[in-house]
Every structure is written in C-alpha cells, then in structure tokens.
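Have a look at the structure below, then the notes.
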Amino acid sequence: MSTSSSNTNYVGKAPNRVEGPAKVTGAAKYSGEFEVPDLVYGVVVSSPIAKGKILKIHADKVLSLPGVLQVFSHENVPHQAWFDRNYKDDVAPGGSPFRPLHDDEVKFSQQPVALVVADTFEVARYAASILEIEYKEEKHETDIESQRDKGHAPSKGKSGYKPPSSRGNAAKAIEKAEHRIRHEYIHGTQHHNPMELYASTVHYHPDGKLTIYDKTQGVLNCQQYVTKVFGLSKDEARVINLYNGGAFGSGLRPQYELFLSVMAALELRRSVRVTLTRQQMFSIGHRPHTLQTLEMGTNPDGTLAGLKHYALHETSRFEEYTENVVNWSGMLYQCDNVQLGNQVAALDVYTPQDMRAPGAATGSFALEVAMDEMAYAAGLDPVDFRLRNYAETDQSEKLPFSSKRLRECYRQGAEKFGWDRRPLKPRSMREGNKLVGWGMAGGVWDAQMQKAAAKASITADGKLTVTSAAGENGTGTYTIMTQIAAETLGLPLEAVTFKLGDTDMPEAPVQGGSWTAASVGTAVQKACLAVADKLLKQAKKMDDSPLKGADLEDVEFVNGLIRLRKAPEQSVVLRDVLQVSGERQIEADSTAIPNLLNMARYSMHSHNAVFAEVQVDEELGTIHVTRVVNALAIGRVLNPKTARSQVLGSVVWGISMALMEETVTDHRFGRYMNHNLSEYHVPTNADIRDIDVIFVEEEDPYVNPLGVKGVGELGLLGVAAAINNAVFHATGKRVRDLPIYIDKLL
Amino acid sequence: MNPFTLNRPETVDAAVRSVTGYLRPAFIAGGTNILDLMKENVEHPTHLIGLNKLPLNTIEATADGGLRLGATATNADTAWHPEVQQRYPLLSQAILAGASPQLRNMATNGGNLMQRTRCYYFYDTATPCNKREPGSGCGAIGGFNRIHAILGASKHCIATHPSDMCIALAALEAVVHVKSKDGERQIKFEDFHRLPDDQPERDNTLEPGELITAIELPAKGFAEHFSYLKLRDRQSYAFALVSVAAALELNGNTITDARLALGGVAHKPWRDKKAEALLIGQPATEATFRQAAEAVMKDAVGQGLNDFKIELGKRAIVRALKQATAGEHKAADIFTNSNP
C-alpha cells in the first residue's frame, strides 16, 4: 500500500511549467532564432493575384543589388521529386499537394512565387519588395456562396475523416414532430494566427548535412517530407523544434518556409533562414468558411424526434480537405432518426487546415445553437432539454462510452453559474441600462491516442532523462511528461529532464488532436517502467536486498526509494542501486500503442458544458461576455494548472469566434483583406472578464493506461454557441452568422 | 522596406532645413505608423528626420489660459498630464481610447495628427487605392467597406481618419502650430485635415516641408460635461467604427454651448457646427439630442457594408450627449476606458 505522504507523486499536482524560466528569460529558442554561422536570409514574394500564370520574373535588377545571392522561382528551381506522393505529408488530405515554385501557375492569392536570398534580412526584404513579376490573370472563384448547389461528398483521403452515417427516417420524423425548427448557420474563414511567425533556420554543415530548425507541430512529419522531396537520407536532414509560440493546427503540415529554406540551402550550399510575415501567415491554411443547415423536431415529451444536419465547406482546387462537421450531431444526443450530410466545394484558395477542434468547433456551434432554438420552440429550459435527450450510448458507433460524465458537467457547471435562477423568457434580465442574458451549450471531442515511443535513461547520479520526438505548443508537454516520469520512478522533479522535438529521438505523432498527453504520456510511463524493471533486477542483486523475490508489481518507486508495497519500511535507496550496479546508466526504449480491443468495444470521448453571461447594450449593439463557466470531463487531469491554462485560452478563443474573429475576403480580388493582427481581431485583455474552469472527476479505465483524454480542443467547444444563446436570451434576437458584430444586433 | 538615410537634429530650425535635397523626406517621431507603412511598401521615404531630440516634448500653459501640447510629447504623457486630466478630460479620454499602452508610450502628439487611414486597400499593394497610388481606383468602393466613411467621401476615396485624439481636438477647437524653413503659421483644427475630393493622397493641408511643433488648446475645456464614446469590434486596440466626442456647457438643463465631433465616419474628424447650433439654447433632452443626431447624419451615405454606421452614429451621438449631460465621466472613469 502506498503511503499518501509520498512527495514524488506528481501526477494530478500543479507544478509550474518546467520550461517557464527559459521562456521568460529568452533562453528558449524558437525556430527563427537559432544562431548558426554564415547565415543568409530568404524573403518570400507572394502573389497579388488569386489565379493565373506567371509570365515573366524580372530578376536581373534585383540580382544586381549588392548582397543579393539568388532569386529562386519556378524558372530556376531544379525540379525535385516528380510524384505527388513525395510531397504528401503524414496528415495531408487527398489530392495533389501544393509544390512551392513548381511551375508558372498561380492557384491562390498570396501563393509564394519567388524567394529572394541575400546576405542580410534587410537587403533580402528590400530586394523582394522591388522584384517585378508579370502575371496573366484568370477568372477566379473564392466565394463558397457561389457553390451552394455545387458541393460534393469528399473522398476519404484525409486521415481521421469519417463519412457521416444516417439512421432512421429523419424527414418523416420531423414532419410528424410536435415542434420543429430549421435554420442556416454560417461562419466565415478563420486563420490560426499563432503569435510566432512561421520560420525555418537551416544549418548547412560542411559535410552537406542539414540541421533544420522549423516551426512545426511534427518534426518527423517535416523530416519525412524533406527527405522525400529532396532525396535526402534521414541522417542528412535532422529536424528540431523545441518550442512553439502557439500553432493550433497550423503546424500539423509542413509549411512552405520549410521547402523554401531547405531548397535554398541545398542550392546555395549555405545556411538559410526564411521567416514568413504576418501577412503571409494568411496563406498557410485556415478554418474553412462553412454553411450549415440544422433541422430538428421534438416529440410532446421533449425528446428529439428527428435531426438533420448538413454542412458545406470550402477546399482548394488541388486538395480535398475535409473535416468531421456533422458527425457530432449523430452522437451528442439520443435520437433514432438522424440524417447527416457533409459536402465540400473547391475554390481558388489555399487548402484549409485543421484548426483547434476542426469540424467540431464548426459543427457543434451550429448544433448547440439549434438545440437552444429547439428548446425554446418546445418551451423547455436548455439544460432540461439536453438532459431529456441525454445519450447513454454512442448511437453512431453503436457502442457504450468508455466513460461519460457530461451529466455531471451540466450539474456542476449550472450550479457554479447559478443557472437555476435563470428565467426562461428572453429579455427578462437587466443590469443598469443593459440587457443580461444567460446561455449554455456543450461539446464532445474524440479521446484519441496514437502510437508513440520514448526513451528513458537514468545515470549513476540519479538523474533521469526522457526523450520523445513530440512537440510543445505551449500546452505543457514538457511539464506533464516530467511529472509522469518523476512519479513513475519516484524521483524529485528536479532530477528529471524531458526532451522533445528532435528527429533523432524516438518516434512521436504530430502534436495535435489533443492526443499528446495520452500518447506520449503513455510511452513515457512505459519507458520509465522498463527502466524500473531493470533497476529492480539490479536491486535484487544487492547484498541482503529486502527486495529479493519481489516482482515489479510488488514494489513501488517513491521518494528515491524502491520499497515493498506491503512493507514500505523494506526499501533500498535508488542511487545505491545505481552505484552498486556499476552501470554508468540504465536505459530503456518503449513504444506505446493504443489498445485496439478497447477501441473496438468503447466509444471514447471527452465532454463539456459551457455557461455564459453576456451584457448587451441594445441601443449600441455592444456585447460584453461577463462570465463563462466551462465544466469539462476529460478523464484524469495530469496537471490542473497547465490544463486550466489550455481551457482559459480556448474560452478566450470561443469569445473571439462568437464576437469578433473572421478573415474577410474581397472576392473581386480573391484576397483576404484583413491580413494583419490590427484588423484580424482576437480578444484583448479588456474583452475578457471572469472565466471559471471546472474539471469534473472522471475515471476511465479503458481510454489509455493513464486515463487521460486531452483538453485543448474540447475547451473551445460550446463557448461560441453558449455566448450566442446568451445573446438571444438577453435580446430575443438570434444571430446565426458569426461573428456577432455590432451591426448584426442593431 | 526601401533604403533610407536618417538624421536626428536637435533644433526645430535644423529639422525643417533637413528636408532640403531629398526626393522623399519624411519626419519620424514615435514611428508607430510610418514604420508599418514602410514595411508594407506603402510609403517609400528616402530620408527620415528623427524628431525625438527636439525640445518639443513639453506641455505648458499659454498666456491666454490655454494649454500648449508639444508635438513630440507622447500620447501617454499627454493623456496622463494633470492639467489635461483636470481641464481637458475629453482629450485624455479620447487618447486612452486609442491604440494600446505600448503604442501610446511611443506615439507623439504631432504624429497622431499625421497617422494615415487604416483602410485595408491602402495597406495592401496588391489592390487599387487612390490614396496610395493616385488614379489606380478605390478598392473599398464595392469592396469590403464595413469600416469606411459615410460622410464627406468622394468617388475617389471612402477612407476614414483613424485617430481618437483628433476627434477630441476637433471638438475642443485646438490650433495646430507648424513651421517650415520659410516660416511659421497656425492652422485651425477643422482646417488641418481635409476631405478626399479628387486628391485623396492628401490627408491634410500641410505644405511640403512643414513640421508640426505644437497643438494649442484654448482655455475652454468642457471639463464638467463631456464624453468620448468609442464603438468598435473589441474593447481595446481597435479603430472606431463610430466615435463621438461630445462636450456641453449647461445652465440648469439648458445647453449654453455645445461641441460635437465624430470619428470613424469621414476622411477627417467630423465636426458639425450646424448640429451644435441645434443644441445651443435647447433643453438637454433626448429629443434635442436626437434632432442634432439626425442633422449630423442628414447627408450620410452608406457604401453597403457600412450602412449600419448611419443609425449607429445617431445612437452614439445621443448616448454621448446624454453621458455628457449627466457628467458621468469623471477622472476615475477614464481608467476604465470609454466604452458604454
């Protein structure tokens, strides 16, 4: 039996970020900051047109500038690999990936059409600004509204995409229903806009090998891309990413700064850095502009009779990006008659890309606003309505949930918020001259795990180092992996170093899908357990060892000791074991794979419920989100501090999605017009008031050995819908296209 | 960004002489706008004259009871200056409604007057813009024009002036002091910025080589009854969709003097003296305010996506006048920003 006073039990505690001091002192290096000798600088030239041909690139004038080394374009870039498959990264959707500087075709506005390389960044930037390029413009189409009847079901090219499945007869059920609603919901394009700009610093070594510091969520994905495209061996292309200044999905796929910097380094045989501008950050993928229609009907007892949910979103002409927009509507509520459809339409835009809770952020916004509308049509409280339609099993997969404490999320969230004091009728609460509204919504996200590996190594001085080629987007990966490793081997946190983000390390999946804690965490735990096993074998060899005859299950590693679970006073000191063993270090590799049997038996998901309060100045159309309570069931919480921070960030993003965030396109130019952080609005401190995060206790013995479900993506879900529903409750006015600008409430 | 040279003179005379001999000279103080414009290839000065060593960063009382704001005093120092806070709280409030603390710490008073529009098309060299490239057309007309002008626009340009500070300065009837190598002159604030007409490339009436040295506030500061109301897409660091600087003098409930200026609606701070005349001598009631608001917007023209600004502008005027009447905005409120 373990004593509760153990001070090396870190999982579930809230230590500060282990990389915090490095970040606040500037010691943490980001991809565009690594110092390498004899570095030259590439600046990308972007297309001003959305579609057409490059006729002529007048490089001469630029090449004559002192300091300019080369102007790369389709005219002089040596052809790399010939096949699409060489350009396919691990998470590419179906289709033909974009190849930078491949030919004279312009496929989207801001497409990179040239790279100017110079001795200094300033010269490169100036040279890029005066590079004259002639284009022949062709007619483009960038507006999804023009494709309303031209969508098609997407191919299955994209990993993780599940074609939605229907059941029963929704049309008939809705026709016979007591109450019905049918509405369209829209949100425009959004861009990830992490604070850190995409950058790649390529160190060209004298032997021709490359060390590539790239902003990415997956160093291995970048390495396999670079090796396939440029015909390099893994040994020749080491990719490193130690920190990300946010990514949110934008770094799942290799971005064009990687191709351009590696190409230039190989051609010039020099170290090269390419950093995108903020404007160019609007050319690397986005959450697609999506049109959705929801139709619902209820029975007299307030249960759902039928539900229809259709979505149409954009993709590029060359790749078929798609996301699971409507599937959530088949599983969040109990309903026997469900009809779902998901379509895409190709436009002259860059391929959209996964962005924080891809598909779910979109689909659950529409679903949860529609649920509110349905609740009102049926005269029911929105929480009560959801409880009447609570799904005890996953009807889409026809499986029980591995765990689901959504009911508890509703209960605890409502209690904290004070939901029971809410009058059902809109426009019934005021504070001063403002209308006050309370709204709620919820969400569901996949609890996923991917194959991942880790290596653990403990040295004679009792220091443990664990490595895995995972990523750190600012979510807390360094910290939680350190906690898991320290706890597994009973070491103080200070004795443990977790390293990540290097292709020389054991394999890890891209950092996305909220699966890193589960996948890499399990691998770290497993590798440490393998070291523990070796340590125990050594310990048993010691003279008079009290552990003789004990198996791994019989002992525990706590406070620098290995001790018998049944007789904790019987122990050996870990460092003595290491010293007596005579080994300089003891190490073990381990690979963790998802439990396929459990995956086949259970539907594994995280759930949440969000409650929001808004104050609306009706005369002026201004909305303040004054309170948000987000109650989440995410399995085991490894570190409540870093988990809470993730949810805070997601709630802020939800407020953003509801009230201000949108990339606007001038379709005459096929171009995003607010491509900077001054005009692409995300919340400031002044926009954010009270946010409460509740982690509902949830034990899940099936989801993975750690029992964790991931948190980043879930935190966003329901927030925009809850705010939208609160605005309705305040004003009686329903806005179905986001964001809810002042003008939409006037 | 183009190559450029830089000098940093220590006297005003040296500064105004420094423009000579350069193709495209420009003054730079805080640099919070011109550096962006250079990086975006919108402006290509060949020579920059740095102003931060000039002795123009003071804020001093004038002989006739007003206040003289040095051109290179920062927006932050101005907004938090005790004389400004006590006597011209409208100005303080307007400045603090703009930008962010970091920007206000860099930006200067002269530079604030010189900042250029935030029209998307002006900033994006891939699109047409008569202000950036005369004769190329106006991208905003028929385009994404939600943030654009409803008053005083022309078929050549529908851009808006972006400053908050200037809206208050217009209402307070400030005077701009300028100097060139040929001499000095004073420009009434209402004459400083201009409407686009067929020359949208000209934001103001400064002649080439003229440098702003000071902004003078007259004695009357409307410190009792004022409001700067700014409506925007987020609570900080966003330009106004509509803003209103309202200042009243009251005798009982009767309006004895009134100032009304709007931001976010025109190519210049939009002062409406006719509407002010409708207020003076009238009771400070919603009906009076509504009448003035209707007068301000009588000739307003929407461009489609910004049509809402006409009604929003009217409501904002009424609200700002109500707030001014109530005297709601005391110094403490300034800290919490100016939003309703």
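We name chains A, B, ... by the order of the sequence lines, and we start the count at 1 in each one. Nothing here was measured: the structure is a model prediction, and the numbers come from that model.
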Exercise. Begin with the C-alpha distance, continue with both residues' side-chain angles, and end with the deciding distance and a verdict on side chain to side chain contact (heavy atoms under 4.5 Å, CB included) for A:R668 and B:T127.
Key: CA-CA 10 Å; A:R668 299 169 308 165; B:T127 61; over 6 Å; no
Self-check item: Straight-line distance of B:H44 NE2 to A:Y126 OH, nearest 0.5 Å
Solution: 9.0 Å
Self-check item: Non-hydrogen atoms of B:Y120 and A:N674 that approach each other most closely
Solution: CE2-CB, 4.0 Å
Quiz prompt | Side chain, backbone, both or neither of A:H667 within contact of chain B (heavy atoms, under 4.5 Å) | solution = neither
Exercise. Over all heavy atoms of both residues, which pair between A:T684 and B:R234 is shortest? Give the atoms and the distance, please.
Key: CG2-CD, 3.8 Å
Self-check item: Straight-line distance of A:T622 OG1 to B:R232 CZ, nearest 0.5 Å
Solution: 11.5 Å
Quiz item: In Å and rounded to the nearest 0.5 Å, what is the CD to NZ distance from A:E619 to B:K314?
Solution: 13.0 Å
Practice problem: Side-chain contact test, heavy atoms from C-beta onward, threshold under 4.5 Å: evaluate it for A:N676 versus B:D36 and give yes or no. | Solution: no
Quiz item: Counting only heavy atoms not in A:K136, do more than 12 fall under 6.0 Å of its NZ?
Solution: no
Quiz item: Under a 4.5 Å cut-off applied to non-hydrogen side-chain atoms, are A:D617 and B:R319 in contact?
Solution: yes
Quiz prompt | Greater than 12 external heavy atoms within 6.0 Å of A:E138's CD | solution = yes
Exercise. Go through the steps to decide whether B:K39 and A:T277 satisfy the test side chain to side chain contact (heavy atoms under 4.5 Å, CB included), and finish with yes or no.
Key: CA-CA 10 Å; B:K39 286 190 279 191; A:T277 63; over 6 Å; no
Quiz item: If we only count heavy atoms from C-beta on, is the B:L312 to A:I742 side-chain gap below 4.5 Å?
Solution: yes
Exercise. For A:Q279 and B:E40, work out which heavy atoms get closest and say how close.
Key: NE2-OE2, 2.5 Å
Practice problem: List the atom of B:N2, the atom of A:S129, and the distance in Å for their closest heavy-atom pair. | Solution: OD1-OG, 4.4 Å
Quiz item: Which pair of heavy atoms, one from B:D233 and one from A:H681, lies closest together, and at what distance?
Solution: CB-ND1, 3.4 Å
Quiz item: Between atom CG of B:L103 and atom OG of A:S678, what is the distance when rounded to the nearest 0.5 Å?
Solution: 9.0 Å
Quiz item: Does B:R118 reach the main-chain N or O of A:E679 with its side chain, forming a donor-acceptor pair under 3.5 Å?
Solution: no
Quiz item: Of all of A:V682, A:I688, A:V123, which one pairs up most often with chain B through heavy atoms under 4.5 Å apart?
Solution: A:V682
Quiz item: Given side chains that start at C-beta, do those of B:L241 and A:Y741 come closer than 4.5 Å, heavy atoms only?
Solution: no
Quiz prompt | Derivation and outcome, side chain to side chain contact (heavy atoms under 4.5 Å, CB included), residues B:Y121 and A:D666 | solution = CA-CA 10 Å; B:Y121 300 88; A:D666 187 326; 2.5 Å; yes
Practice problem: Assess whether atom CD of A:E431 is packed by more than 12 heavy atoms of other residues, nucleotides or ligands within 6.0 Å. | Solution: no
Exercise. Please state whether the side chain, the backbone, both or neither of A:Q110 comes within less than 4.5 Å of a heavy atom of chain B.
Key: neither
Quiz prompt | Selection from A:M660, A:H675, A:R671 maximising heavy-atom pairs under 4.5 Å formed with chain B | solution = A:R671
Quiz item: A:I130, A:D687, A:I623: which one forms the most heavy-atom pairs within less than 4.5 Å of chain B?
Solution: A:D687
Quiz item: Tell me, side chain or backbone of B:Y123 under 4.5 Å from chain A's heavy atoms, or both, or neither?
Solution: neither
